[in-house]
Structure formats: structure tokens, C-alpha cells
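These figures come from a predicted structure and were not determined experimentally.
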Protein chains: 2
Amino acid sequence: MTEPLDPDMFDPLCPSGLMPIRLGDKWSGMIIRCLEQGPRRFSELRVPLRGISAKVLTQSLRALERDGFVLRTAHSGPVQRVEYALTPLGRSLIEPLNTMCAWAEEHWEELLDAREA
Amino acid sequence: MTEPLDPDMFDPLCPSGLMPIRLGDKWSGMIIRCLEQGPRRFSELRVPLRGISAKVLTQSLRALERDGFVLRTAHSGPVQRVEYALTPLGRSLIEPLNTMCAWAEEHWEELLDAREA
DNA sequence: CTGTATCCTCCAAGATACTG
DNA sequence: CAGTATCTTGGAGGATACAG
């Protein structure tokens with residue numbers, strides 16, 4: 001491991017390098033998982049993501065939208081109603097996300113044990 | 001999605017919640033991938049991880065060690081020589097990591113396109 | 001070679017208040 | 001309801017110098 005990896009993780013355009021940009025933050029992964037079962041409204045997302053501030057949720061959602069993971073739809077009407085849904089690209093992330101979570105469920109006891117020692 | 005997820009992502013002990021702790025940072029995932037092919041020395045790791053400072057590499061390695069992903073071995077001798085290797089737990093992360101990277105390789109064109117628009 | 005010790009900067013995230 | 005506008009802060013990450 002003295003040579004750059006293939007693909008080079010530090011190429012600014014490298015896939016691996018892109019991941020942290022949007023999934024390395026605190027909320028993106030969780031938001032995507034919250035949208036797995038179908039579109040949700042802004043305030044519906046705040047419930048399972050307890051603790052998230054409106055500002056941060058807005059920021060995260062905007063970023064996910066910009067990157068094509070999420071689609072924002074504002075329904076006009078007497079009461080304001082905005083829905084967020086996964087795009088096909090966003091849905092394609094569900095599987096790798098689940099792989100990670102499956103790993104965590106399978107190994108977190110070990111992790112806790114290691115941390116104590 | 002108005003109910004807590006199952007498992008609840010915000011349980012302090014939840015697997016999903018644990019992930020960002022060690023893999024959400026900038027370097028942990030990459031370090032683990034750098035150790036995939038076998039043990040590496042401190043300075044060998046700095047090459048592919050170009051740009052990482054000694055301080056940050058040390059911090060990351062210590063954390064990975066504490067969590068049981070990496071094993072540190074100091075070989076005594078005339079010249080100091082320290083090797084880092086994946087533990088079985090660390091190796092078990094390779095697959096989910098590769099799943100993520102495979103996703104990225106497959107979709108980053110879409111991601112770039114979305115970002116331009 | 002393998003780190004420590006300092007100092008510094010930046011920014012994600014949170015708190016709070018306010019708006020159409 | 002779905003956000004914006006400000007202000008603040010903790011801590012990750014980096015630069016540099018030094019040490020065993």
C-alpha cells in the first residue's frame with residue numbers, strides 16, 4: 001500500500017471521495033432511510049429524527065436534493081404542504097445503507113466489548 | 001415514519017448510531033481499506049493517505065485500535081518499527097465498505113450530473 | 001521512524017427567535 | 001406548516017516544531 005489505490009481515493013472526483021461529502025455527515029443516511037417507505041413531510045421527518053433542528057433538516061434536505069437523492073414537492077393549497085421523496089438514485093442507496101446497518105447489528109456487541117477493554 | 005425506527009437509530013447504543021462514531025469521520029474507512037491487503041507501518045499508511053498529518057493518523061489509529069478494528073504491534077529492534085493490522089472485526093468491515101464503494105463507482109456520474117443541474 | 005505537543009482554523013450542528 | 005435569520009460552540013482536522 002505505497003501506491004495510490006485504484007481507484008485513487010484522493011482524486012477529487014473519486015467515488016470513494018464523494019461518499020463522505022453527503023453520507024459522512026450526521027443526518028443524510030438516516031434521512032434517506034426515513035424516506036424508504038415513501039414520501040414524508042417536513043414535520044414528519046422531524047419526529048423520527050428527534051433532536052434535529054429545522055435549520056439542519058432544511059440544510060440536509062437541500063443538499064440531498066442538490067445531489068439528486070431526494071425530490072422536493074410543494075403542494076399548493078390552503079395549508080402549506082411539502083413532501084420529500086427518494087429519487088431512483090436515492091433509492092439505490094438503500095441497499096448499501098442496509099448492508100452497513102446489518103453489519104452494525106451483527107457486530108456492535110463486539111464493538112462495545114472492545115471499547116470497554 | 002412517525003414512530004421510532006426499529007431498531008431505534010437514536011438509542012445511544014443502537015448499531016446505526018454507532019457507525020458515524022468511527023466511520024463517519026474522514027479517515028477511518030480509508031485506513032481500513034488501506035490495511036485490507038495486509039499489515040502496514042505507520043509511514044506506509046501516510047503515503048496512500050496523502051495529506052494526513054501524523055497527529056491525525058495517530059488519533060485515527062488509536063481510535064480504531066480502541067474499538068477493536070485494528071491491532072498495533074511494536075517490533076523492538078535497532079530501528080523503531082510499528083505495524084498495524086486488521087483484526088477479524090476490522091476485516092468484517094471490508095465487505096460493507098466495498099459495497100459502498102461499488103455503489104459510488106456505479107453512480108457517481110449521476111451524482112455529478114445532478115449536482116450540475 | 002513513530003510519534004507528542006501546541007496552536008489555529010473552519011464549519012457542522014444546535015439554540016433561539018422570527019416569518020409568510 | 002415549513003421554513004429563515006442569527007448567534008454560538010465543540011471538536012475534527014491541519015501546520016509546525018520537537019522528542020525518544
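Residue A/R72 has a polar side-chain atom (N or O) positioned under 4.0 Å from OP1 or OP2 of D/dG3. Put simply, B/R62 has a side-chain N or O that comes within less than 4.0 Å of OP1 or OP2 on C/dG3. In this model, the phosphate group of C/dG3 is not approached by any side-chain N or O of B/R41 to a distance below 4.0 Å at OP1 or OP2. Contact annotation: B/T58 side-chain N/O to C/dG3 OP1/OP2 distance is not under 4.0 Å.
The CZ-P distance, from A/R46 to D/dC1, rounds to 10 Å in whole Å. The separation between B/F42 atom CZ and D/dG20 atom C1' is 15 Å, rounded to whole Å. Atom-to-atom, CE of B/M30 to C1' of D/dA12 comes out at 15 Å; the value is rounded to the nearest Å. Straight-line distance from the CD atom of A/Q59 to the P atom of C/dC11: 13 Å, rounded to whole Å. If you take CG of B/L57 and P of D/dG13, they are 12 Å apart, rounded to a whole angstrom. In this structure, A/Y84 places its OH atom 8 Å from C1' of D/dG3, rounding to the nearest Å. Regarding A/L61, its CG atom lies at a distance of 11 Å from the P atom of D/dT4, rounded to whole Å. One atom, NE2 of B/H75, and another, P of C/dT2, lie 10 Å apart when rounded to the nearest Å.
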Study note, to complete from the structure: Quick tally for nucleotides 14-20 of chain C: nucleotides whose base has a protein heavy atom under 4.0 Å get B, sugar-phosphate-only ones S, the rest -, giving BB----B

Point to revise | side chain to side chain contact (heavy atoms under 4.5 Å, CB included) evaluation trace for B/R62 with B/R72 | key: CA-CA 9 Å; B/R62 293 282 184 274; B/R72 177 183 183 275; 3.6 Å; yes

Check your understanding: Could you walk me through whether B/T99 and A/M100 pass the side chain to side chain contact (heavy atoms under 4.5 Å, CB included) check?
Key -> CA-CA 9 Å; B/T99 302; A/M100 271 297 178; over 6 Å; no

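At least one donor-acceptor pair under 3.5 Å links the side chain of A/W103 to the backbone N or O of B/S92. Looking only at distances, a side-chain donor or acceptor of B/R46 sits under 3.5 Å from a matching main-chain atom of B/I52.
By the criterion of side-chain heavy atoms lying less than 4.5 angstrom apart, applied directly or through intervening Ile, Leu, Val, Met, Phe, Trp or Tyr residues, B/L71 is not grouped with B/M30; the two fall into different hydrophobic clusters.
For the atom pair OG1 of B/T87 and CZ of B/F69, the computed distance is 7.5 Å after rounding to the nearest 0.5 Å.
In this structure, B/V56 and B/K26 have side chains that are not in contact, with every pair of non-hydrogen atoms separated by 4.5 Å or more.
Among the atoms of the strands shown, none is found under 4.0 Å from any heavy atom of B/V79.
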